[in-house]
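One structure is given below, encoded as structure tokens.
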Amino acid sequence: MRTTIDLPDDLFRQAKITAAREGVTLRSIVESGLRTELARRQASSYRLPDLSFGGRGMTQDVDEADWPAIRDIIYSDGSA
């Protein structure tokens, strides 16, 4: 695909000099840089997997701040 982008003059000059020094095209420099940046961004946007197990959740009404009550429900036999 062909596109046009505006680059600061100094960045363009630096990229052209690097491409010439390495014997590669400006296109390959831009493509490599873009691929590297996209991979970095994808890696930094990692989300934790959903490890829920499909239980019924809290079936009793309980105050979310009442940790002793929550603990009692967790460790009860489930008949309540």
Side-chain angles (χ1 to χ4, degrees):
M1 170 179 249
R2 185 175 289 268
T3 191
T4 301
I5 56 172
D6 291 320
L7 299 173
D9 291 341
D10 61 324
L11 180 61
F12 178 74
R13 274 192 298 276
Q14 190 176 5
K16 287 286 278 186
I17 290 168
T18 300
R21 183 178 64 238
E22 295 181 6
V24 297
T25 63
L26 178 61
R27 175 184 173 159
S28 68
I29 295 282
V30 172
E31 183 178 342
S32 175
L34 187 54
R35 286 184 190 282
T36 300
E37 179 61 16
L38 291 174
R40 184 193 68 80
R41 287 178 183 228
Q42 184 177 11
S44 68
S45 65
Y46 177 77
R47 295 186 187 272
L48 292 174
D50 180 1
L51 300 176
S52 59
F53 55 88
R56 292 178 296 144
M58 296 284 277
T59 57
Q60 295 94 345
D61 288 327
V62 65
D63 180 1
E64 293 175 3
D66 188 357
W67 286 105
I70 293 171
R71 185 190 60 240
D72 291 344
I73 292 169
I74 291 171
Y75 290 106
S76 71
D77 62 6
S79 61

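In this text, all values refer to a predicted model and were calculated from it rather than measured experimentally. Basis for what follows: all heavy atoms, side chains included, without hydrogens, waters or symmetry-related copies.
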Is there a chain of hydrophobic side chains (I, L, V, M, F, W, Y, each step under 4.5 Å between heavy atoms) that links [X] to [Y]?
{"X": "I74", "Y": "W67", "value": "yes"}
{"X": "L7", "Y": "L26", "value": "yes"}
{"X": "F12", "Y": "I17", "value": "no"}
{"X": "L11", "Y": "I5", "value": "yes"}

> Residues in side-chain hydrogen bond (donor to acceptor under 3.5 Å, both in side chains) with E37, at least two apart?
Replying inline: R40, R41

>> Checking R21 now: which residues fulfil side-chain hydrogen bond (donor to acceptor under 3.5 Å, both in side chains) with it, not counting sequence neighbours?
In response: none

>> Quick check against the 3.5 Å criterion: does S32 have a side-chain atom that pairs as donor or acceptor with the backbone of S28?
In response: no

> Any chance CD of Q14 has more than 12 other-residue heavy atoms, nucleotides or ligands included, within less than 6.0 Å?
Replying inline: no

>> Please check if the number of heavy atoms outside Q42 that lie under 6.0 Å from its CD is greater than 12.
In response: no

>> With rounding to the nearest 0.5 angstrom, report the OG1 to CZ distance, T18 to R13.
In response: 12.5 Å

> Closest approach of I70 and D63, non-hydrogen atoms and distance?
Replying inline: CD1-O, 4.1 Å

